[in-house]
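Whatever order the structure lists them in is the order used to number ligands and atoms, beginning at 1. Atom set for the values below is all heavy atoms of this structure, side chains included, hydrogens, waters and symmetry mates excluded.
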Amino acid sequence: MGENTLEKFVITGGKALCGTVDISGAKNAAVAIIPAAILIEDECIIENVPDIKDVRIILDILSSLGAKVEKLDANTVKIDATTLNTYVAEKEIASKMRASYYLLGALCGRFKKAVVPPPGGCNFGIRPIDQHIKGFEALSCKVEIKHGSIYVDGEQIKGGQVYFDVVSVGATINIMLAAVRAPGVTVMENAAKEPHIVDVANFLNSMGANIKGAGTDVIKITGVEKLHGGTYGVIPDQIEAGTYMFAAAATRGDVTIRNVIPKHLEAITSKFIEMGVEVAEGDDEIRVCAKGNLNKINVKTLPYPGFPTDLQPPMVALLTTVNGTSIVTEGVWDSRFQYVTELEKMGAKITVNGSVAVIEGGHPLTGADVKSTDLRAGAGMVIAALCANGTTEVLNVYHIDRGYENIIEKLTNLGADIKRTDD
Ligand code: EPU
């Protein structure tokens, strides 16, 4: 990916984070809304787009397909996909991110055909696409995997009904993209309900689509012939907001997290209250204040509105600072505890058995050289380092740069001792 594999964060822990932090636009909404613009033969202006690596990659992919992409400022992008002229995505860049699977739905929705290489992205076990394929087939598309790419033939595309066997964010959005311009009515049952699903639907509806029920587990889409341009603002990043909530609690700090939708953070807020962390919600901000020892807890990650899997590593990092035994069960991904060996290098006492991690908290962490094994594991490592005695070097921070805008600046403003080096 052209990553600078030498770049690392050097963090000296032990400082309580204090102050305010502004949350950026949601990565997982932006990486779906940008390819959704392929469906629109007109100019769209998308605001509150986070300036992160995954967004730059998906914008490059759109340019490489022939769309006009112009950055109006760091967080605003103008896309005109009228000139987009191919349904074949290049292997070299499309395989660099997981969300490139959205090109399947978007290109098929526009051209009735798509050829896209298998998705890349975070490595935490097998990441199947069988539910995406089930959805395309329900829309009368043929899907084949050959010559190292996924081929969708949607010559006969029309609305259809699909019941997903697994709640999948990616499959729900992908089929939404394929269905908005397909003739007839599509019904998705057991759809994912994450805030970014609602955001993608709101974006498309504001451009003339007819999508109802996003945010519930039944989504109904009536195909429209064409979409029109317009201006749309991406929702705040619930996972970035949650990450700063965890950083505040783990360092026993006092942080006001601004530009958030508190409702999207309820799963975290309720766990914090159980732990004895003070949480005060405003209209679009949350203040998190933690002191002294906190209560141990058990938590299981689940699809929204459950506790988000992407905040599982930050939660584990926090629980290493809490006396007693806490249990974290991963309910979304099969294999998302590889990073635990890195936390153990810092002195964490954690036993992993399959999808369950048992954390014996309260053993002080000490600085060490650790790797960021994926994006959210990297965030967990940064939080652990902020609590540890001494200095930690977090390697492979290119994972973290995929999803956190200005993380060094934001943490430094909160009083953290963190810098980026590449020696
Ligand atoms: N699954 C299937 N078949 C499919 C698709 C998914 O079995 O066809 C399973 C997966 O193996 C997993 C579960 O369903 O066990 C959920 O996967 P989902 O499809 O919901 O995940 P995704 O769309 O690939 C998005 C986020 C992830 C986040 C998950 C779960 C994006 C770009 N990525 O992935 O975010 O962990 O939803 O909430 O939206 C991240 O931001 O770091 C990240 C990995």
Side-chain angles (χ1 to χ4, degrees), residues 24-36 50 52-55 57-58 61 94 96-105 118-138 143 145 150 162-177 188 190-200 217 234-235 237-243 264 267 300-315 329-336 338-339 355 372-380 398-405:
S24 301
K27 167 180 91 82
N28 289 345
V31 299
I33 286 173
I34 291 165
I52 51 175
K53 201 183 292 167
D54 270 9
V55 162
I57 295 171
I58 193 79
I61 293 174
K96 283 177 186 161
M97 69 183 300
R98 177 75 188 162
S100 61
Y101 52 43
Y102 291 138
L103 296 170
L104 289 169
C122 276
N123 172 27
F124 37 77
I126 301 165
R127 298 184 68 171
I129 57 159
D130 55 301
Q131 297 306 306
H132 301 238
I133 295 173
K134 184 176 182 182
F136 283 113
E137 288 176 347
V143 184
I145 300 177
I150 306 159
V162 60
Y163 186 98
F164 291 117
D165 307 311
V166 178
V167 178
S168 162
V169 171
T172 302
I173 293 178
N174 223 349
I175 301 315
M176 188 187 284
L177 298 178
M188 291 191 270
N190 201 23
K193 296 182 281 207
E194 269 67 5
H196 38 287
I197 292 182
V198 181
D199 207 34
V200 179
D217 49 20
V234 175
I235 51 165
D237 196 310
Q238 157 215 11
I239 304 300
E240 189 200 15
T243 302
H264 295 168
K300 180 172 183 179
T301 68
L302 289 168
Y304 189 84
F307 186 88
T309 172
D310 291 342
L311 290 172
Q312 182 256 93
M315 175 60 106
T329 306
E330 173 56 49
V332 176
W333 295 110
D334 283 344
S335 162
R336 206 174 191 178
Q338 292 108 319
Y339 69 89
S355 59
S372 164
T373 51
D374 66 65
L375 167 59
R376 307 302 177 185
Y398 56 85
H399 286 299
I400 300 174
D401 293 331
R402 286 189 32 222
Y404 289 93
E405 185 173 40

Where ligand 1 meets G170 - atom numbers and elements under 4.0 angstrom, heavy-atom basis: 19 (O), 23 (O)
Side-chain donor or acceptor of D310 paired with backbone N/O of R376 under 3.5 Å: no
Interfacing atoms of ligand 1 (cut-off 4.0 Å, heavy-atom, V332): 12 (C), 13 (C), 15 (O), 16 (C)
Ligand 1 contact on T309 by region, counting heavy-atom pairs under 4.0 Å: side chain
Sidechain-backbone polar pair: R336 side chain, E330 backbone, donor-acceptor under 3.5 Å: no
Sub-3.5 Å N/O-N/O distance, D334 and ligand 1: no
N/O donor-acceptor pair under 3.5 Å between T301 side chain and G331 backbone: yes
Contact atoms of ligand 1, heavy-atom distance to L375 under 4.0 Å: 42 (O)
Carboxylate-amine/guanidinium contact R402 D54, below 4.0 Å: yes
Any residue meeting side chain to side chain contact (heavy atoms under 4.5 Å, CB included) with D130, in chain and number order, not counting sequence neighbours: P128
Atom indices of ligand 1 within 4.0 angstrom of K27 heavy atoms, with elements: 40 (C), 41 (O)
S372 (side chain) donor-acceptor with H399 (main chain) under 3.5 angstrom: no
Region of D310 that comes within reach of ligand 1 [heavy atoms, distance under 4.0 Å]: side chain
Close N or O approach (Q131, ligand 1; < 3.5 Å): yes
Heavy-atom gap P128 to ligand 1 smaller than 4.0 Å: yes
Donor-acceptor contact present, side-chain K193 to main-chain P303, <3.5 Å: no
Sub-3.5 Å N/O-N/O distance, V31 and ligand 1: no
Whether H264 and Y304 hold their rings parallel, tilted or perpendicular, with breakpoints at 30° and 60°: perpendicular
Main-chain N/O of I235 paired with D199 side-chain donor or acceptor, under 3.5 Å: yes
Y101 to ligand 1, any heavy atom closer than 4.0 Å: yes
Which segment of K134 sits under 4.0 Å of ligand 1 when only heavy atoms are counted: neither
Heteroatom proximity flag, H196 to ligand 1, N/O under 3.5 Å: no
Donor-acceptor contact present, side-chain N190 to main-chain Y163, <3.5 Å: no
N or O contact, A171 vs ligand 1, cut-off under 3.5 Å: no
contact_flag R336 ligand 1 heavy-atom lt 4.0 Å: yes
Close-contact set for ligand 1 against H132 heavy atoms, below 4.0 Å: 8 (O)
Mode of I133 contact toward ligand 1 - side chain, backbone, both, neither (heavy atoms, under 4.0 Å): neither
Non-neighbouring partners of E240 that pass salt bridge (charged side-chain N to carboxylate O under 4.0 Å, His left out), sequence neighbours left out: K410
